[in-house]
Structure formats: C-alpha cells, structure tokens
Protein chains: 2
Amino acid sequence: MHLQSSLAATRTILRDDFKGRSALTDQASGSSADHLGVAGVRMTWRRNEEIFGEGEPATCVYRVLKGVVRTYRILADGRRQIAEFFLPGEVFGLHARAVHQASAEAVTDCEVVAVRRGQLSERAMTDGATAHKLLALTLHQLLRSEEHMLILGRKTASERLAWFLMDMAERIPAPNRVELPMSRQDIADYLGLTIETVSRTMTQLQDDGVIELPTRRQVVLRERQTLMDLAA
Amino acid sequence: MHLQSSLAATRTILRDDFKGRSALTDQASGSSADHLGVAGVRMTWRRNEEIFGEGEPATCVYRVLKGVVRTYRILADGRRQIAEFFLPGEVFGLHARAVHQASAEAVTDCEVVAVRRGQLSERAMTDGATAHKLLALTLHQLLRSEEHMLILGRKTASERLAWFLMDMAERIPAPNRVELPMSRQDIADYLGLTIETVSRTMTQLQDDGVIELPTRRQVVLRERQTLMDLAA
DNA sequence: CCGCGCATTTGACTCGGATCAAGGCGCGCG
DNA sequence: CGCGCGCCTTGATCCGAGTCAAATGCGCGG
C-alpha cells in the first residue's frame with residue numbers, strides 16, 4: 001500500500017478550507033425537543049463541512065433532521081474508513097470517551113439537532129426510559145458495525161456493493177429506486193474499496209441487468225433477488 | 001472469492017460435534033455477584049464449544065472470569081469474521097435484539113458469569129449507575145469496532161498484525177511478551193486475512209527482528225516502536 | 001522415547017482489486 | 001446555450017494477498 005498523498009492532500013485542503021468559515025448557523029428558531037426528551041439546538045451544515053473532528057472534546061450528541069452525515073477515521077497518509085452514514089432520524093456522536101473517537105462531516109447540506117451530553121446523561125441517570133433508549137441506539141449501532149466488519153473483512157467487491165445498495169434501499173423508503181446522497185469516493189471509503197472498483201462494479205451490475213443507472217446518483221433495483229443473494 | 005467448502009465443512013462438523021454434548025457445566029457453587037450488581041451464574045465451557053449461536057434467543061449477558069471467548073459472524077460458504085476476542089474481565093453478549101446477532105465460542109477452556117438480560121434491564125431501569133455502566137460497556141465495544149473497521153477496510157497485512165500484537169500486549173499485562181490464546185486461523189479471521197498470510201507475516205516480522213517466536217503461541221516484542229509505527 | 005496427527009509454515013502460482021493514466025460527461029455558471 | 005470544472009468511467013498494468021499444494025515440526029499419547 002502506497003501513500004495516497006495526493007488524495008490526502010486534497011482532503012486536508014478541503015477540510016481546512018471549510019473549517020474556517022464557521023457555517024454552523026444556529027438557527028434563531030432555537031431549541032426544539034429531541035426525541036431523547038432533552039431540549040436540543042437546531043443547527044445546519046453545508047456539504048462537506050466538518051461537524052466535529054477526531055480528538056475534539058465530545059460535547060454533544062446529534063440527531064439528523066435533514067440531509068446525511070458521515071463519520072469516519074483517517075490514517076496519516078489519507079486512507080479513510082467511513083464508519084457510518086447517518087440518514088434523517090438517526091443519531092450520531094455517541095462516544096465512549098469525553099473526546100470524539102471519529103470525525104463527522106456533512107455529506108449533503110443538512111440540519112441537525114444537538115443535545116448536550118451533560119444534560120443527556122443527567123436525564124439518563126434519573127429516567128430509566130431515556131437510559132434504555134440510549135442503550136438501544138448504541139446497541140443498534142454496534143449491530144450494524146458487526147455486520148460492517150463482516151463485509152470489510154470477508155466480502156468481495158460485488159457483494160459489498162450489493163449489500164450497500166440493499167441497505168440504502170431499506171433505509172430510504174422508495175420502491176426499487178435508490179437516490180444515493182453520497183459520492184463514489186464516499187461509497188468506496190465506506191466499503192473498503194477504491195473509487196475505480198466501485199465504479200467498475202456498478203457498471204458490471206448494470207451490464208448484468210441487475211441494476212440501472214439513469215443518473216450517477218440514482219440506482220434502479222431491477223433484480224432485487226439477485227442483489228439479495230449477492231448481499232448474502 | 002471461491003467457496004471455502006472444506007473449511008466450512010470442518011467448522012460445521014466441529015460445531016455440530018460439540019453442540020450435542022451439553023458441556024455447559026453449571027457449577028453447583030452457584031451464583032456469585034456480577035460486577036453489574038446482579039446475581040449471576042457461573043458456568044464453564046471447554047475449548048471450541050459454542051456458548052451461543054446466531055439466531056438463538058439472547059437470554060443472558062456474560063462476563064469472562066477465566067479463558068478467552070470469540071464472537072463472530074459466518075457466511076453460508078464458511079467465510080468467518082471474528083468480531084472480538086473477550087479476555088478475563090470483559091463482557092460479551094450485549095445485543096440489540098432479543099435474538100443473538102452473532103455466535104460465541106470458547107477459544108480456550110473458560111469460566112464465565114452469566115446474568116439474565118431481564119434482571120439486568122430491570123435493574124438498569126431503576127438504577128442509573130447500572131444503566132450507565134451498561135452504556136459505557138457498549139460504547140467501549142463500539143469504539144473498538146470502529147477501529148476494527150478501519151483495520152479491516154484500509155490496512156495492510158503487516159499493519160493489521162502489528163496492531164493485533166500491540167492490542168493484545170496492552171490487554172494482557174506482561175512486559176514485552178504476548179501469550180496468544182488463539183490459533184492462527186482465529187487471528188486470520190479476526191484480521192480479515194488468511195492463515196497463510198498471518199503465518200508469512202509473522203515470519204517476516206521475525207526475520208526483520210521486530211518480534212521473536214519462541215513458541216507458536218508466544219511472541220516476544222523486540223522492537224515495540226516499529227510495531228507501534230506499523231500499527232499506526 | 002517414539003510415532004502420529006494436526007496446526008503451522010513454506011513454496012509456487014493465480015487473481016481480484018489497486019494503481020496509474022486517460023478520456024467522457026453531467027451540471028452549474030456565465 | 002455553451003463552456004469548463006470535477007466527478008466519474010474506462011483502460012492497461014501491477015502487486016499484495018489468496019489459493020492450492022506439500023513439507024515441517026510441535027505436542028501429545030502410547
């Protein structure tokens with residue numbers, strides 16, 4: 001494995017570029033109740049802006065209202081592994097330590113509710129239901145990451161992609177059509193592949209009649225069963 | 001990727017073989033308090049016996065007293081991904097659903113405390129500290145699995161192995177020497193490699209003077225810094 | 001102490017996906 | 001409506017790890 005220096009450089013530039021122009025626009029509309037029963041603050045980010053970075057103090061837990069968020073870890077030479085994409089309704093930023101163990105960025109322009117960790121854990125201490133919900137959320141994330149490990153460790157490129165498409169299809173309710181909110185590079189870094197392999201495999205699936213790609217960001221699921229079988 | 005049929009067969013035989021002879025010996029010594037504040041039952045398993053299987057109802061949460069446990073997911077054709085090894089003191093069996101999402105087996109003969117999920121969640125509902133501890137355990141597991149994803153998705157064989165050795169060295173307190181409780185196959189399935197690659201990479205590290213292998217199961221860390229750098 | 005079985009190592013070769021390198025083209029902007 | 005910039009696709013080649021096969025040797029039982 002060689003240094004992906006150019007990529008790394010590009011990414012660094014991108015991040016630094018955005019980091020300055022604090023785009024987290026606290027909407028004056030102010031606080032709205034989070035589903036965890038704690039008042040939260042609504043915030044917005046624009047595409048590719050950093051929400052929090054690895055190593056920063058973890059002050060909040062977030063719920064996506066609109067848009068998509070990615071969390072990831074990155075190596076010194078730029079190799080990146082996206083741990084998860086968070087879609088509307090999903091919760092991210094739950095970390096074991098007082099410091100974030102991963103970075104989070106907006107995949108698309110997005111709107112998020114942030115809840116202070118302190119308030120949350122305070123409430124959880126006294127309210128069993130909140131504690132239970134927090135645990136359930138974390139366990140759900142753990143379930144997903146165990147499946148993700150199986151995919152990263154043991155599946156082929158086409159199996160990975162098929163699983164990804166089926167997973168997205170499940171999470172975004174739309175019959176036999178998936179609107180991908182993220183780039184090919186994001187998909188590659190989520191599935192442990194390169195952008196070229198993702199592209200080629202997409203093309204292959206299309207040539208095989210399994211999917212159709214009317215647009216780069218749209219996928220029509222033509223043979224769901226084939227995808228299911230591939231996704232195993 | 002071809003079917004690893006022979007391997008799969010071997011594993012299936014192994015599992016079925018052991019499954020019958022119910023070896024979970026409830027020790028009459030009976031219940032001893034778990035650290036989660038709930039009375040648990042002490043149980044023992046022998047090497048390679050199944051503790052629970054994917055799809056079985058998840059009745060208990062476990063803490064290892066002695067020995068080592070592996071949890072894993074397996075594909076129809078035998079490809080296996082070990083999610084985690086659990087060493088003495090560590091807790092496993094925490095799952096989001098009422099059904100186990102992974103299988104667990106004894107890596108070595110081992111002794112475990114089992115706590116009923118019902119009792120645990122009951123206590124968690126009323127006792128904030130217990131709920132907090134449960135959450136902390138789960139978050140810790142999530143932290144580890146995010147790192148594991150980075151390793152599986154983006155690291156080379158020698159980086160994976162170096163990380164594994166450093167991680168084991170940290171978890172088993174013993175200066176510059178690691179006693180590996182698991183086989184090469186287990187290591188391979190944990191790191192998303194084949195047994196041959198694990199073996200070759202070990203040999204390479206030894207030839208480079210980074211480690212020493214007095215026994216198959218023993219590793220002497222000769223150049224800790226080199227390993228650290230590799231593990232990144 | 002010897003022989004046997006099995007985990008592990010080693011060797012030769014293959015191959016899936018990575019890398020390196022051009023194009024193509026959709027989308028936004030003027 | 002045309003132009004240009006990035007994203008994406010496609011092509012050629014390479015290489016790290018997988019596969020297949022065989023030898024080694026450790027640990028255990030007799």
Side-chain angles (χ1 to χ4, degrees), chain A residues 1-11 13-14 17 47-48 77-81 107-109 151-161 180-189 191-207 211 213-219 230, chain B residues 1-8 10-11 13-14 17 47-48 77-81 107-108 151-161 180-189 191-207 211 213-219 230:
Chain A
M1 175 79 59
H2 293 122
L3 303 188
Q4 302 178 335
S5 356
S6 61
L7 233 189
T10 306
R11 283 170 181 158
I13 288 163
L14 266 176
D17 195 14
R47 199 162 85 88
N48 288 329
D77 60 11
R79 282 176 284 171
R80 181 178 71 156
Q81 178 62 49
V107 171
T108 63
D109 293 353
I151 280 149
L152 293 172
R154 291 300 181 209
K155 290 196 178 176
T156 65
S158 52
E159 289 169 342
R160 291 179 204 214
L161 202 50
L180 298 176
M182 70 292 285
S183 71
R184 294 288 190 268
Q185 185 64 63
D186 281 342
I187 298 174
D189 287 349
L191 297 179
L193 300 169
T194 59
I195 185 175
E196 293 96 330
T197 299
V198 169
S199 184
R200 272 187 253 272
T201 308
M202 284 274 202
T203 305
Q204 190 58 54
L205 287 174
Q206 185 173 33
D207 291 351
I211 62 172
L213 297 162
T215 301
R216 286 168 175 182
R217 296 297 181 103
Q218 280 190 6
V219 183
L230 264 176
Chain B
M1 176 77 58
H2 294 121
L3 303 187
Q4 301 178 334
S5 355
S6 61
L7 234 190
T10 306
R11 283 171 182 156
I13 288 162
L14 266 177
D17 195 12
R47 200 162 86 89
N48 288 328
D77 61 10
R79 282 176 284 171
R80 181 178 71 156
Q81 179 62 48
V107 171
T108 63
I151 280 150
L152 294 173
R154 292 299 181 210
K155 290 196 177 175
T156 64
S158 53
E159 289 170 342
R160 291 179 204 213
L161 203 50
L180 298 176
M182 70 292 286
S183 70
R184 294 287 189 269
Q185 185 63 62
D186 280 342
I187 298 173
D189 287 349
L191 297 179
L193 300 169
T194 60
I195 185 175
E196 293 96 329
T197 298
V198 169
S199 182
R200 272 187 254 272
T201 308
M202 284 275 203
T203 305
Q204 189 58 53
L205 287 174
Q206 186 174 33
D207 290 353
I211 62 173
L213 297 162
T215 301
R216 287 168 175 182
R217 295 297 181 101
Q218 281 192 4
V219 184
L230 264 177

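Throughout, a chain's letter reflects where its sequence line sits, starting with A, and its residues are numbered from 1.
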Pair A:Arg200 + A:Asp207: basic N to acidic O under 4.0 Å: no

Interatomic distance where CZ belongs to A:Arg79 and P belongs to C:dT19 [whole Å]: 9 Å

Interatomic distance where CZ belongs to B:Arg184 and P belongs to D:dG25 [whole Å]: 15 Å

Whole-Å gap separating P (C:dT9) and CG (B:Leu193): 14 Å

Axis-to-axis angle between the two ends of the helix from C:dC1-D:dG30 to C:dG30-D:dC1 (five base pairs per end, rounded to 10 degrees): 40°

Nucleotide D:dA17, atom C1' - distance to CZ of A:Arg154 in whole Å: 11 Å

Pairing residues for A:Ser199 by the side chain to side chain donor-acceptor pair (under 3.5 Å) criterion, not counting sequence neighbours: none

Distance, rounded to the nearest Å, where A:Arg47 contributes CZ and D:dG6 contributes C1': 10 Å

Short side-chain to backbone donor-acceptor contact, B:Thr194 and B:Thr197, under 3.5 Å: yes

Which residues share a side chain to side chain donor-acceptor pair (under 3.5 Å) with B:Gln204, sequence neighbours left out: B:Asp208

Quick test: give all pairs of protein nitrogen or oxygen and nucleotides 22-25 of chain C nitrogen or oxygen below 3.5 Å, distance rounded to 0.1 Å.
{"unit_1": "C:dG24", "atom_1": "N2", "unit_2": "A:Arg216", "atom_2": "NH2", "d": "3.1"}

Partners passing side chain to side chain contact (heavy atoms under 4.5 Å, CB included) against B:Arg217 (at least two apart in sequence or in another chain): B:Glu179, B:Ser183

Members of residues 196-205 of chain B that approach DNA chain C, where some heavy atom sits under 4.0 Å away: B:Glu196, B:Ser199, B:Arg200, B:Thr203

For atom NZ of B:Lys155 and atom P of D:dA17, their distance in whole Å: 14 Å

Sequence-distant partners of A:Ser158, side chain to side chain contact (heavy atoms under 4.5 Å, CB included), two or more places apart: A:Thr156, A:Thr201, A:Leu230

pair B:Gln206-B:Val219: side-chain heavy atoms closer than 4.5 Å: no

Atom-pair distance (CZ on A:Arg80; C1' on C:dA18), nearest Å: 17 Å

Heavy-atom donor-acceptor pair, A:Arg79 side chain to B:Arg154 backbone, under 3.5 Å: yes

A:Ile195 CD1 to C:dT19 C1', straight-line distance once rounded to whole Å: 13 Å

